[in-house]
Structure formats: C-alpha cells, structure tokens
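Everything below concerns the one structure shown next.
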Amino acid sequence: MYNDNTFLAKLKSFSIFAMIPLLVFFAVVGIPFIFGLMMTFTDWTGFGQTINFTGLENYRVAFSDPDFWNSLKLTFKYVVYSVIITNVLAFTLALIVTSKIKAKNFFRAGFFTPNLIGGVILGFIWQFVFSRILIHAGEFMQIPFLSESWLVDPNKAFWALVIVGVWKNSGYMMLIYIAGLMGLPKSVMEAASIDGAGGLQKLLKIKLPLMIPSFTISLFLTLQRSFMVFDINISLTNGGPFKMTELITLHIYNDAFLSQNFGSGQAKAFILFVIVAVIAVSQVSIMKKMEVEA
Amino acid sequence: MKAKLKELKKSNIPLMIISTLLFLFYIFPFFLVLINSFKAKMEILSNPIALPKSINFDNFINAFNTMGYPSAITNSFIITTASLFLIIVFSSMLAYFLVRWDWKINKIIFMILVASMIIPFQALMIPFVNIYGSFNMLNSRLLLAVYYLGFGVSLATFMYHGFIKNIPLELEEAAKIDGATKLQVFWKIIFPILKPVTATIAILDVLWIWNDFLLPSLVLISKSMRTIPLSTFYFFGQYTSNYGQAMAALILAIIPVIIFYISMQDKIISGVIEGAGK
C-alpha cells in the first residue's frame, strides 16, 4: 500500500496513474450520459444552441409513436426466441464437444467461427443465402416454402434475424458452457456413476444445478446482446420489408440520425437502457440465489 | 475389451452425424460465399450452389480496388492497435492505483466504473455525436482510439483490478527499499505479472474493435478513413446486385480475422472463456 503524506504527493500519484483514463472515461461515457439525460427533458441538440426545458414532452412523443411500440414488441419477441434457442443450442454444442467424440477441437473451432466476424459481414452473407441460395434450392427441390426470399415476408424475415443471431452467438455461449462442464468436480461425477446414475439423470440432477453460474453469465450476455442487436439488423433486412423488422436499436438510430428527432430518440434510448438494466440486474440476482455448492 | 471399444464406436455414430450436420450449419454459409466469389454474375444466377466452372480472380481484383482494401486494412489496423495500446497501458495503471492507494474515493471510482458497464452504447450515441460533432472532434482515427479507451477502460480496469488484488505486497516492497519509483515498480514488477490478464483483454478488445461497426460509422466520415466493416458496408450497399464481386468483398473482409484465428486459436478460445467469467 502507498501512503502519500502531502497533498502534492497525492496529486502526483493521481496524475501519473489515474488522471488520463478517468478524464477520458468521463468525457466519453460520463458527459454523454449526463447530457443524454438532459436531452430527454429539453430541446437541446448540441453546443451553441439555446436550451429550453420541455418537461416530459420527449417521453410523450416517444410513447405516442406507434413505430416505437411495434419495434419494442418485435424486440421482445426477438429476445425471447433468441435467448432460448441460443442457450439450448449452445449447451447442446458444449455437451457434444466435451463428449468422447472424435475431432472435438475441430468441431469446437467451427462452431465458434461466426463469432469472430463482424455482424455486418455476417448479415450480408445470410442476405445472399436467403435471397439466392434458398430460393434456388427451393425451386430445385420443389419446396414452395423456400421458393420466395425469406427477406420479403415480414414474418420469415423476423425468423431470418433470429437464425443469424443464434448462429453468431451460440458459439460464444458454447465456450461458457464448456468452461462450466470442465469445471464440474470429478469426485461428484464419479460418485454419481458409482451410485448408478445414467447419462440423462446425471445431466438433469447434477450437471444442470451445478452449472447455474454458467447459465447466469450466458443468459446475461444473450439478453444484452439480443436487446442491442444492430449490425445484423441493418445488413440483413435493414428493417424491411416496410419497417416490419426494425428492432429497437435500429429504430432509435433511424429516428435520431435519419429523421433528426434527437430529443425523442434519446428518450427512447433511455427507456431501452432502463428496460435492459432492470431485466439484466433482476435476472442475475434471481439466479445468484439459485446457485448450489457441490 | 475389443467388444467394448466397438460398442463405444457404435453409440457414437448418431452423435457424429448430428455434430457434422451442426458443423455444416455453422460453416456452410462461408463455403457458399467462397464458391460464388469466383463466379461471374450469370453463373451465380443460373446455379449458386454449384462449384465454380473455373477459378477466376477478377471479382477479387475489382472488389479489392473498389472497396479500397489496402486503406481499409491499414485503418482497421491503426485503430485497433492504437486503441489496444491505450486501453492496456491506462487501464492497468488505473487498476493498480485503485488497488494500492487506499483512498475512500477509489472505492467509489471503482463502483462507478463497474456500474457503467451496463450502459449500452446505444444509450450514449446520440449525445455523443451531438457533443463531439459540435466540437469538430469526429472524423479522426486517433480520436476514435481515444473514444475506444473511454468505452473499454471500465471492463479492462475491472479485470486488472481482480488480478492485482491477489498479488502479494512483498514483491513490491524489496524494489521500493532499493529506491525504485512507483512508476518503475509498476512497469518492472507488476506489469509483467499481469501478462495473462493482458492477453485476455487484448483478445477480447481486438475482436470487439476490429469488428465494430456502429461507433466508427458515426465517427469516421471521410471515405479514406473507413475500416473493414465500414468499407464492406458501403461496398455491399452499392454493388449488391453484382453478386460475384459482393461475395469476393466479403471473403476479403473475412480473411484477416481467419488468419488471426488460425494462428492463435487456443489463445483466442481461452481468452474468451477467461473474459466471459468476469
């Protein structure tokens, strides 16, 4: 521990070790956060303009925008499906690559690959798959379900977004579950085998309860990532057809930067922030209580 | 023994089939992009699933030139390394300061940093652009690296903080008695011990910054500053009907990441696992 005696010595240590990162943090996160909050109650849009207090007007505009509600509803639906499918798939993948199968490192590397590549590029890859490959396959094999691009039908385009999101994120969550499975105490697993527990029994009665910490992390990350998905949305559907697949962050982005509605756009961004924070914090605190010791 | 081995192999066949099918789902899209990147437009329209009739690099040459590939790679590289350098240097020092100086305010600073991690970038982007736009502080690669320091400092400091807490003080005492300054103690004794955390942070941040789209799309306005995700985005928007070239552009965009992955696969995977636990 360091005990600087004089104020000058304290100031020196602080300037050397902490000042620059804290200043940058304050400038990049702190100031925009404070001004962002201020923006929602005023008509302020940047320096050099007069500021008028407008009360809750921006929130009223935000809540009375039907597109905002539709986008929010769609995002909730997207989050529910993505979180469930991603985690079920990721856990299955983790079980596969920790089993006695051959070439597991090869499989693990493949499952993880989409995660390394930017969402914009992934979205374009699947745009090609949905609009060219699947149509061709559909015509070739006479499957009417595939004969028209998924991206022109709002419902199918929604599922296209879910598929690509799951495809990208499941490899990452798989790694978290692998770490959890490898960390299971060997003694417990052996004891279960000696007591005659079968594979399924071991999975349900021992592995799942002991792995709650992994589920906590993975659910937290998938929740956050699914609420905030942007890159895949803008590159795969760009909200189309007819704004029917505009998830919430793309909606806010378009509202602010295309329609120039800065105040109400920022109000929407803060509403989203509060929703995500409340859901994430309660998810983590509920699941922390469920954790058991081996 | 032999019978048992045979039994084991038999029971693994369905699992092997399922794994292979899943593997195809994860990898096949990349393969489809690759085979079509060698084809002319007509060949893609007539059959996008067939292998190319001939290997032709025209699409690659055109995409390489139109998307400004060399400059995009250079920009991505400059921005990623500069940001990484700033994050590692300043976050490790900040974390050391927060652990080793027993000030009351340091606990508060640490709590603010941790709490800030829940704020999504989307909740900050509108004021961010308005503020730094009105100060003319957008459209610079080095400023972008500074912004990445601001957005990345909290997680990196948090990870370093957890590690430094467990370093015994005795290691530093000897050096202090020998008259080393605080800065020397940090860089000569502490920073080398932090290597595993530094590696984890480096991997997570390289993947984040290299692939990031939203922040650079808001900050970098000139065409000459575009990173790989940005130039791919604008290229694809313009040449979307020229399928062969668009596919070649996607392959070009993917190549650097795949090289990085192949050369450091184990480090990347363990880095992600370490980082996710935090």
Side-chain angles (χ1 to χ4, degrees), chain A residues 1-2 13 16-18 20-21 24-25 27-29 31-33 35-36 39 45-48 96 99-101 107 109-114 116-121 124-126 128-129 132-133 136-137 172 175-176 179 217 228 230-231 249 252 256 262 265-266 269-270 272-273 276-277 280, chain B residues 12 15-16 19 22-23 26-27 29 32-33 47-49 90-91 93-94 96-97 100-102 109 116 118-120 122-124 126-128 130-131 133-135 146-147 149-151 153-154 169 182-183 207 211 213-214 229 232-233 236 243 247 250 253-254 257 261 265 269 272-273 276-277:
Chain A
M1 289 294 161
Y2 288 104
S13 306
I16 293 173
F17 283 94
I20 296 173
V24 172
F25 173 76
V28 172
V29 177
I31 293 179
F33 188 77
F35 275 86
M39 274 177 88
T45 57
F47 283 100
I96 287 174
S99 69
K100 292 192 180 89
I101 196 173
F107 282 119
F111 297 149
F112 185 67
T113 303
L116 295 158
I117 295 159
V120 168
I121 294 157
F124 287 142
I125 291 176
W126 280 90
F128 181 72
V129 171
R132 286 277 128 218
I133 304 282
H136 185 81
Y172 195 95
L175 290 187
I176 295 171
I217 300 167
M228 295 304 153
F230 176 83
D231 298 9
T249 57
I252 293 170
F262 292 114
Q266 183 58 19
F270 260 79
L272 173 67
F273 161 56
V276 177
Chain B
N12 269 350
L15 189 63
M16 203 67 192
S19 318
L22 279 168
F23 186 80
Y26 282 84
I27 292 303
L32 290 169
V33 171
N47 189 351
I49 300 171
F90 286 111
S91 308
M93 284 170 76
L94 177 60
Y96 182 68
F97 180 79
R100 288 290 193 252
W101 273 260
D102 197 16
I109 293 173
S116 79
I118 193 118
I119 308 171
Q122 284 84 345
L124 303 173
I126 300 168
F128 180 86
N130 286 353
I131 293 167
S134 45
F135 285 128
V146 175
Y147 299 145
L149 169 62
F151 290 117
V153 70
S154 48
L169 280 169
K182 289 161 188 151
L183 215 54
L207 292 179
N211 289 325
F213 172 75
L214 188 49
T232 313
F233 183 77
F236 209 90
Y243 297 111
M247 293 306 111
L250 293 180
I254 293 170
V257 184
Y261 188 39
Q265 207 208 103
I269 288 191
V272 169
I273 291 177

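Chain naming here is simple, since letters A, B, ... match the order of the sequence lines and numbering starts at 1 in each.
- When side chains are defined from C-beta on, B:Phe90 does not count as touching A:Val24, because their heavy atoms never get closer than 4.5 Å.
- For the atom pair OG (A:Ser13) and CZ (B:Phe97), the distance works out to 6.5 Å, reported to the nearest 0.5 Å.
- Contact annotation: the side chain of B:Met93 never approaches that of A:Pro21 to less than 4.5 Å [non-hydrogen atoms, C-beta and beyond].
- Note on ring orientation: taking the six-membered ring where Trp is involved, the planes of B:Phe236 and A:Phe124 are parallel (angle under 30°, cut-offs 30° and 60°).
- Note: B:Leu124 leads B:Val257, B:Leu169, B:Leu124 in heavy-atom pairs under 4.5 Å with chain A.
- Under the 3.5 Å distance criterion, the side-chain polar atoms of B:Gln122 are matched with a main-chain donor or acceptor of A:Met228.
- With respect to chain A, the highest number of heavy-atom pairs below 4.5 Å among B:Ile126, B:Leu149, B:Leu94, B:Ile49 belongs to B:Ile126.
- Heavy atoms only, all atoms of each residue included: A:Phe111 and B:Ser19 are closest at CZ-O, 4.0 Å.
- A donor-acceptor pair under 3.5 Å links the side-chain atoms of B:Asn211 to the main chain of A:Leu116, judged by distance alone.
- Among all heavy-atom pairs drawn from A:Phe273 and B:Ala123, the shortest one is CB-CB, 4.0 Å.
- Every side chain to side chain contact (heavy atoms under 4.5 Å, CB included) that B:Ile27 has, sequence neighbours left out, goes to A:Thr113, B:Phe23, B:Phe30.
- Only the side chain of A:Ala280 comes within contact range of chain B, with heavy atoms under 4.5 Å apart.
- Taking chain B as the reference chain and counting heavy-atom pairs below 4.5 Å, the highest number among A:Ile125, A:Val129, A:Leu272 is found for A:Ile125.
- In this structure, the portion of B:Pro229 lying under 4.5 Å from any heavy atom of chain A is its backbone and not its side chain.
- The two atoms that bring B:Ile131 and A:Pro32 nearest to each other are CD1-CA, 4.1 Å, heavy atoms only.
- For A:Ser99, the part lying near chain B is the side chain, with the backbone staying farther off; criterion is any non-hydrogen pair under 4.5 Å.
- Of the atoms belonging to B:Leu207, it is side-chain heavy atoms, and not backbone ones, that fall under 4.5 Å from chain A.
- Listed options B:Leu32, B:Ile119, B:Val33 were ranked by heavy-atom pairs under 4.5 angstrom with chain A; first place goes to B:Ile119.
- Note that CD1 of A:Ile121 is 7.0 Å distant from CG of B:Leu250, once rounded to the nearest 0.5 Å.
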Report task. Begin from the C-alpha positions of B:Gln265 and A:Phe112 and carry the test side chain to side chain contact (heavy atoms under 4.5 Å, CB included) through to its verdict. Result -> CA-CA 10 Å; B:Gln265 207 208 103; A:Phe112 185 67; over 6 Å; no
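- For A:Phe270, the part sitting under 4.5 Å from any heavy atom of chain B is the side chain, from C-beta outward, and nothing else.
- Each of A:Phe35, A:Phe33, A:Phe107 has some count of heavy-atom pairs under 4.5 Å with chain B, and the biggest count is that of A:Phe107.
- The two atoms that bring A:Val29 and B:Gly150 nearest to each other are CG2-O, 3.7 Å, heavy atoms only.
- Partners of B:Tyr147 by ring-ring contact (aromatic ring centres under 6.0 Å, His included), not counting sequence neighbours, listed by chain and number: B:Phe128, B:Tyr132.
- Listed options A:Ile31, A:Ile16, A:Ile101 were ranked by heavy-atom pairs under 4.5 angstrom with chain B; first place goes to A:Ile101.
- For B:Tyr96, the part sitting under 4.5 Å from any heavy atom of chain A is the side chain, from C-beta outward, and nothing else.
- Across every non-hydrogen atom of B:Pro127 and A:Gly36, the tightest pair is CG-CA, 3.6 Å.
- Contact record, A:Phe25 with B:Ser154: CE1-CB, 4.4 Å, taken as the closest heavy-atom pair.
- Looking only at distances, no side-chain donor or acceptor of A:Tyr2 sits under 3.5 Å from a matching main-chain atom of B:Asp102.
- Heavy-atom distances place the side chain of B:Ile254, and not its backbone, under 4.5 Å from chain A.
- In this structure, chain A has heavy atoms under 4.5 Å from both the backbone and the side chain of B:Leu22.
- Contact annotation for B:Val146: both backbone and side-chain heavy atoms come within less than 4.5 Å of a heavy atom of chain A.
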